Amino acid sequence: MSDHPRHILIVDDTPDNLRLLSKTLSEQGYEVQCAINGKLALMAVNHKTPDLILLDIKMPEMDGYEVCEKLKSKPETAEIPVIFLSALDDVLDKVKAFKIGGIDYITKPFQVEEVFARIENQLTIRRLQKELHNKNLKLQKLNQELQRSNQELEEFTYVVSHDLQQPLQTITGFAELLLALKSEINLEQEADEYVTPILDQGIRMQELIKDLLEYSRAGTKKRNFEATDCQEILRKSLAHLHGAIQDSRAMITSETLPTVMADRIQIGQLFQNLIGNGIKYQRSNVEPKIVIAVEEKPQEWLFKVEDNGIGIKPENFERVFQVFQRLHTNQEYPGTGVGLAICKKIIDRHQGKIWIESQWGIGTTFYFTIPKLNEGNYDNS
Ligand code: ADP
């Protein structure tokens, strides 16, 4: 139904009635379609859904009640308002008419003003119902977003209160020790022992906070989806990773990548994190090989980033996407455990999916999808 519903289907087996009503309504600017019996009416409705139906009750073969029942039994046509038409000398079963879903009735011969008034009434009700329905959908969507951001806030609070405590405890512990032992220690000789952990943990905390803020920003920034050439984005990401690629002698190959509707900065971040990890989590003495591939599906693009690194065990497939969840110490492989959480958030914002397939000791493939949102279908709000 359009915003200004004007399309009316008249169903009547008397050609004179059809002609008269059709002419009068057309003159008033309605778009009118006629059907001479119930069967043709149902076919017409299936072809193009009218905004309202004027339905004669007394018709041979299939009467108006039956046509109405058939319309109401199918979800696609159940919502079309039906006004019954009945001749003055017909026995109109009003109760039945309303019971099977009719919303009003008009008795012939018509009084033109009355017909207009009844039609307009019903079309206005329909429009308001539709508006209400759309507003409800919007509210539901907002509510879902609110729940999600609440959950994120809880997660964020948990992470801040737990994971940032640890370096802070080291810092305060050593500082207290330093104070307590100040008269006994020779700072010139023992500074390293007491001050280095304070400095190290302070730097670690700075890194954690920086990445945590980046994670938090990844979800709150204003949506800015535009045609994004992934080939170009990949090229830039590889340029950013140039140092790591050279040091590790990584070999990176890619299929030609498509242009997708996306936030280009975030897609760059995504490639950089996944390829960066593929290089970082390499097996010792095995040069990293990373293959980027893409597959076109009817509704989405399916991307793959495959490496030949240390692999991830299946029990950790979900865990690694959570903030600060790492499978290694900072000494084994440096990092904060935020990269994949950011990737997950970016993909969530693009309404795609991200997942892992991996063989321990052989390599890992990250899969992610980007829906093919067409221009009219996405909302930058
Ligand atoms: P970080 O690399 O800073 O630890 P990530 O969120 O990027 O943070 O990754 C989380 C964990 O997932 C890593 O600590 C690592 O254990 C594991 N991981 C991520 N990518 C790979 C990969 N390509 N191969 C093996 N393990 C990986």
Side-chain angles (χ1 to χ4, degrees), residues 152 155-156 158-160 162-164 166-167 200-201 203-219 234 237-238 240-241 243-245 247-254 265-293 302-349 352-368:
E152 225 165 63
E155 197 183 293
F156 196 79
Y158 178 87
V159 160
V160 169
H162 284 73
D163 298 74
L164 295 182
Q166 199 204 331
D200 284 351
Q201 292 303 313
I203 292 170
R204 175 81 183 150
M205 231 176 132
Q206 273 174 347
E207 281 170 1
L208 291 176
I209 291 172
K210 180 175 85 43
D211 284 0
L212 195 58
L213 284 176
E214 194 182 330
Y215 171 72
S216 148
R217 281 195 206 110
L234 175 67
S237 304
L238 294 181
H240 276 120
L241 291 166
I245 294 173
D247 292 349
S248 64
R249 299 158 60 95
M251 204 169 85
I252 299 172
T253 52
S254 169
I265 308 251
Q266 292 203 321
I267 297 298
Q269 241 177 329
L270 185 71
F271 277 129
Q272 218 169 301
N273 287 351
L274 295 181
I275 298 168
N277 277 354
I279 298 172
K280 180 161 70 171
Y281 295 102
Q282 69 184 100
R283 277 179 278 155
S284 58
N285 302 321
V286 178
E287 284 175 7
K289 275 204 184 76
I290 296 168
V291 181
I292 299 144
L302 170 64
F303 289 82
K304 279 191 222 180
V305 179
E306 184 184 344
D307 66 46
N308 61 341
I310 57 173
I312 302 175
K313 289 181 181 161
E315 61 265 33
N316 292 319
F317 284 180
E318 297 288 323
R319 195 181 137 197
V320 290
F321 288 110
Q322 290 167 20
V323 186
F324 289 159
Q325 291 296 325
R326 312 201 64 226
L327 309 175
H328 305 93
T329 64
N330 210 29
Q331 282 72 38
E332 289 172 300
Y333 294 96
T336 55
V338 178
L340 289 182
I342 291 179
C343 292
K344 168 94 174 69
K345 205 179 238 188
I346 290 173
I347 289 298
D348 282 350
R349 276 188 82 225
K353 293 201 165 55
I354 183 164
W355 69 97
I356 295 173
E357 277 177 17
S358 182
Q359 270 185 290
W360 180 240
I362 295 201
T364 304
T365 307
F366 281 89
Y367 291 88
F368 64 89

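Predicted model, so just to flag it, every value in this text is computed and none were measured. In listed order, ligands and their atoms are each counted from 1. Hydrogens, waters and symmetry mates play no part in the numbers below; they use all other heavy atoms, side chains included.
Nearest to atom 26 (N) of ligand 1 by heavy-atom distance, out of I312, T329, T365, is I312.
In terms of protein heavy-atom proximity, atom 16 (O) of ligand 1 is closest to H328 ND1, 2.9 Å. Closest to atom 20 (N) of ligand 1 among all protein heavy atoms lies N277 ND2, 3.2 Å. Ranking protein heavy atoms by distance to atom 14 (O) of ligand 1, first place goes to Y281 OH, 3.2 Å. The nearest protein atom to atom 23 (N) of ligand 1, hydrogens excluded, is given as D307 OD2, 2.8 Å; this is a heavy-atom distance. Looking at atom 4 (O) of ligand 1, its nearest protein heavy atom turns out to be R326 NE, 2.5 Å. Annotation: atom 12 (O) of ligand 1 to nearest protein heavy atom, V320 CG1, 3.1 Å.
Nearest heavy atoms, D163 versus P167: O-CD, 3.4 Å. Nearest heavy-atom pair across F324 and T336 is CD2-O, 3.1 Å. When every heavy atom of I354 is checked against every heavy atom of I347, the shortest pair comes out as N-CG2, 3.9 Å. Across every non-hydrogen atom of G268 and S237, the tightest pair is O-OG, 3.4 Å.
For ligand 1 and L327, the ligand atoms under 4.0 Å from any heavy atom of the residue are 14 (O), 16 (O). Counting the atoms of ligand 1 from 1 in the order shown, those under 4.0 Å from a heavy atom of K280 are 1 (P), 2 (O), 3 (O). Atoms of ligand 1 lying under 4.0 Å from at least one heavy atom of G337, given by number and element, are 1 (P), 3 (O), 4 (O), 6 (O), 8 (O). Taking every non-hydrogen atom of V338 and a distance limit under 4.0 Å, the qualifying atoms of ligand 1 come out as 6 (O), 8 (O). Distances below 4.0 Å separate heavy atoms of G339 from the following atoms of ligand 1: 5 (P), 6 (O), 7 (O), 8 (O). Below 4.0 Å from some heavy atom of G335 lie the following atoms of ligand 1, by number and element: 3 (O).
R319 contributes a side-chain N or O that, together with a main-chain N or O of R326, makes up a donor-acceptor pair within less than 3.5 Å.
When each of K344, K210, E155 is tested with Y215 by the rule side-chain hydrogen bond (donor to acceptor under 3.5 Å, both in side chains), just one qualifies, namely E155.
Contacts with ligand 1 closer than 4.0 Å are made by heavy atoms of both the backbone and the side chain of L340. Contacts between F321 and ligand 1 below 4.0 angstrom, taking non-hydrogen atoms only, are absent altogether. Only the side chain of I310 comes within 4.0 Å of ligand 1, counting heavy atoms alone; its backbone N, CA, C and O stay farther away. Contacts between T364 and ligand 1 below 4.0 angstrom, taking non-hydrogen atoms only, involve the side chain exclusively. When non-hydrogen atoms are compared, ligand 1 lies under 4.0 Å from the backbone of Q325 (N, CA, C, O) but not from its side chain.
Below 30°, between 30° and 60°, or above 60°: for F271 and F368 the angle between ring planes is above 60°, a perpendicular geometry. Ring geometry for Y333 versus Y281: interplanar angle of 30 to 60°, hence tilted.
Between T336 and ligand 1, at least one N/O pair is under 3.5 Å apart.
Note that CD1 of I346 and CG of N273 are 6.5 Å apart. Values are rounded to the nearest 0.5 Å. Distance CG/D307 to CD1/I362: 12.0 Å, rounded to 0.5 Å.
Legend: residues meeting salt bridge (charged side-chain N to carboxylate O under 4.0 Å, His left out) with K280, ordered by chain and number and at least two apart, are absent. With sequence neighbours excluded, the residues satisfying salt bridge (charged side-chain N to carboxylate O under 4.0 Å, His left out) with E207 are R204.
In this structure, N273 falls outside the shell of residues with a heavy atom less than 4.0 angstrom from ligand 1. Within the structure, ligand 1 has G311 among the residues with a heavy atom less than 4.0 angstrom away. Distances shorter than 4.0 angstrom occur between a heavy atom of F366 and an atom of ligand 1.
Heavy-atom neighbours of F317 CZ from other residues, nucleotides or ligands within 6.0 Å: above the threshold of 12.
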